Amino acid sequence: MIVLEVENFINGKFVPTESHIDSYEPSTGEVWASIPDSGEKEVELAVASAKAAFKGWSATPREERSRLINKVADLLEKDLEKFAEMESRDQGKLLRLARLIDIPRAIYNLRFFASAILHDLNSSTVLEKAGAINYTIKHPVGVAGLISPWNLPLYLLTFKLAPAIAAGNTVVAKPSEMTSVTAYKLCELFNEAGFPPGVVNMVFGFGHKAGEALVSHADVPLISFTGGTVTAEKVRMSASKHCKKLSLELGGKNAAVVFKDAELDKCISQCIKSSFMNQGEICLCTSRIFVQRQLFPHFLELFVQATRKLTVGNPYDDTAIIGALISKQHLNKVKGYVKMAEKEEADVLCGDMSDGLNLTDEKKNGYFMRPTVITNVRDESRLMTEEIFGPVVCVVPFDDEDEVIERVNKVKYGLCATVWTQDVSRLHRVSHQLQVGTVWANCWLVRDLNLPFGGVKESGVGREGLKDSIDFYTEEKTICLQL
Ligand code: TXE
């Protein structure tokens, strides 16, 4: 097996490191890539390179910045299939999901923010009495530190990288050590597009080493992080030393609220998608489904039937619906929750504990498990309060609106929710009371980048989207001219 050698990308050059980290292919359990084990030294070089490039890049006309970013998007589109295959191999996700969602969205992120900076997002006023004109200008902040997770690697990295460089910042990015390959390959496209060296730098390695060195670096005034809530606490502590701008997009324990008048076929198919897409490894996935009691038995029967039909297997196989989880450790963590359900005498209606897996020999050591549905579980159970981040969903009944709103809001997370009913005034009422950043009514994951995305409570701080991202990656100044 040829192991793909990833190298750091500093000042437009690929730089090897002495020590490396093995990166495993989730669907076979084999080492397929070798990742730099970077630390303070490599981060220092990357930050110095970004700092040196900042003056030139921030002074580059936005039309030129936009042109160069669109060039990278065009090159990525040309290599879409290659990137989709690498993403699927690196993360364990279905190849067709990488082909249809991950890489196209990365291309769209680049194009969206390349266009956004051409529109004037500033404001101005005239003060007649004072004979003065007030106007704002948005300056880039400096060197942006970007830390991205392993579940949607290129999709979430570019959702930070695109607005950061479009706004005139230079960046040092540290992708997850478990999924570094597409980020590494993207660097080649920045060179091919003609980006000045030092605008984009990428340092690979462990979070507690390279990540921590980046977050605590005095010359990095801004950190954008997507990952787990526990890790975010460490990031927040390290960043607070220098009063940095901080954006935290964290986990969720997202609920679907299904009223008795829900349009059942669409609701079931969308709840299957929102529960198990990407093996449940999306922060916006549903992991708690509350169903009004009158509908509960019928919903549960149909939902379990549909779950059982989801084939688990080779991410390259067009018949597979569930691919491999990111790592052996994460697989065991998720399976641990299913074992917990059995101990708590909850009902595991389908999934790994009750169904065998027939995998080809090559996939025998892959990190696979069957999609799992649990019911008869208490709201206080860890199954209903902690982010499992795998193909495991709890389905429980509720009686009335006030009760379900109170139960949905009880958890420490507040990222998103879906509400299923034909009653528009109820949709309006319930959406207003759910403590989350996004509510989808009778749908899931319908996204418009013009609007903010992010969570409340322990699901994060800040928002990402057109205005929010440009505001985050710039400092706004008000200038008052008395004539
Ligand atoms: O992500 P981590 P993990 C949730 C999910 C998952 C849990 C932990 O529940 O089980 O988080 O996942 C870098 N200083 N989500 O541990 O640790 C790390 O290298 C600076 C939800 O795999 O949060 C990686 O690049 N950086 C989430 C990034 O942080 C550090 C998606 C995320 O890693 C660091 C992923 C440190 N001290 C996990 N420690 C979502 N919201 O989508 C780690 N990192």
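Since the structure is predicted, the reported quantities are computational estimates derived from the model, not experimental observations. Indexing begins at 1, ligand by ligand and atom by atom, following the structure's order.
- At least one N/O-N/O distance between Glu177 and ligand 1 falls below 3.5 Å.
- Where the criterion is an N or O separation shorter than 3.5 Å, residue side chain and backbone included, Gly211 fails it with respect to ligand 1.
- Under the 30°/60° scheme for interplanar angles, the aromatic rings of Phe195 and Phe190 are found to stand perpendicular.
- Per-residue contacts place Asn151 under 4.0 angstrom from the following atoms of ligand 1 (heavy atoms of the residue considered): 31 (C), 42 (O).
- Only the backbone of Pro175 comes within contact range of ligand 1, with a heavy atom under 4.0 Å; no side-chain atom does.
- If you check which protein heavy atom lies closest to atom 9 (O) of ligand 1, you get Glu387 OE1, 2.5 Å.
- Taking every non-hydrogen atom of Glu212 and a distance limit under 4.0 Å, the qualifying atoms of ligand 1 come out as 14 (N), 20 (C).
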Please test Glu386 against Lys253 for salt bridge (charged side-chain N to carboxylate O under 4.0 Å, His left out), starting from the C-alpha separation and ending with a verdict. CA-CA 7 Å; Glu386 294 177 6; Lys253 191 64 185 180; over 6 Å; no
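- Considering CG of Asp90 and CG of Leu154, their distance stands at 10.5 Å, rounded to 0.5 Å.
- The contact set between ligand 1 and Cys283, taken as ligand atoms under 4.0 Å from a residue heavy atom, comprises 40 (C), 41 (N), 42 (O).
- With ligand atoms numbered from 1 in the order given, ligand 1 contributes 14 (N), 20 (C) to contacts under 4.0 Å with heavy atoms of Val235.
- A 4.5 Å side-chain heavy-atom check between Leu214 and Val203 finds every atom pair outside the cut-off.
- Residue Leu250 has at least one heavy-atom neighbour below 4.0 Å for each of these atoms of ligand 1: 41 (N).
- For atom 32 (C) of ligand 1, the nearest non-hydrogen atom from the set Thr226, Ile147, Thr231 belongs to Thr226.
- Aromatic ring pairs are classed by plane angle as parallel below 30°, tilted from 30° to 60° and perpendicular above 60°; the pair Phe159 and Phe453 is tilted.
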- [ ] Start with the C-alpha gap between Lys185 and Glu188, add the side-chain angles, then the distance that decides, and say whether salt bridge (charged side-chain N to carboxylate O under 4.0 Å, His left out) holds.
- [x] CA-CA 5 Å; Lys185 286 293 183 184; Glu188 293 171 353; 3.5 Å; yes
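- Note that atom 17 (O) of ligand 1 has protein non-hydrogen atoms nearby, at separations under 4.0 angstrom.
- Of all atoms in ligand 1, numbered sequentially from 1 with element shown, those under 4.0 Å from a heavy atom of Met178 are 22 (O).
- Ligand 1 lies nowhere less than 4.0 angstrom from a heavy atom belonging to Glu281.
- Looking at Asn8 and Ser38, their side chains come closer than 4.5 Å, going by heavy atoms from C-beta outward.
- When only non-hydrogen protein atoms are considered, atom 35 (C) of ligand 1 lies nearest to Pro149 CB, 3.5 Å.
- For atom 10 (O) of ligand 1, the closest non-hydrogen atom on the protein side is Lys333 NZ, 2.8 Å.
- Glu387 is not listed as a side-chain neighbour of Glu458, based on a closest heavy-atom distance of 4.5 Å or more.
- At least one N/O-N/O distance between Trp150 and ligand 1 falls below 3.5 Å.
- Note that atom 41 (N) of ligand 1 has protein non-hydrogen atoms nearby, at separations under 4.0 angstrom.
- Between Tyr108 and Phe112, the ring planes lie tilted relative to each other; the angle falls in the 30° to 60° range.
- When hydrogens are left out, the protein atom nearest atom 24 (C) of ligand 1 is Ser148 O, 3.5 Å; that is the closest non-hydrogen contact.
- Counting protein heavy atoms only, atom 11 (O) of ligand 1 is closest to Gly228 CA, 2.9 Å.
- Contact check for Cys394 versus Ile374: side-chain heavy atoms found under the 4.5 Å cut-off.
- Applying the ring pair (Phe, Tyr, Trp, His ring centres under 6.0 Å) test between Tyr184 and each of Phe83, Phe9, Phe14 identifies Phe14 as the sole match.
- Of the protein's non-hydrogen atoms, the one nearest atom 36 (C) of ligand 1 is Gly207 O, 3.4 Å.
- Side-chain contact between Thr385 and Glu380 is absent, with no heavy-atom pair separated by less than 4.5 Å.
- Summarising the contacts of atom 29 (O) of ligand 1 with Phe206, Phe225, Phe204, Phe389, the nearest heavy atom is found in Phe225.
- Ion pairing between Glu18 and Lys41 holds under the 4.0 Å rule for side-chain N and carboxylate O.
- Of all atoms in ligand 1, numbered sequentially from 1 with element shown, those under 4.0 Å from a heavy atom of Glu249 are 41 (N).
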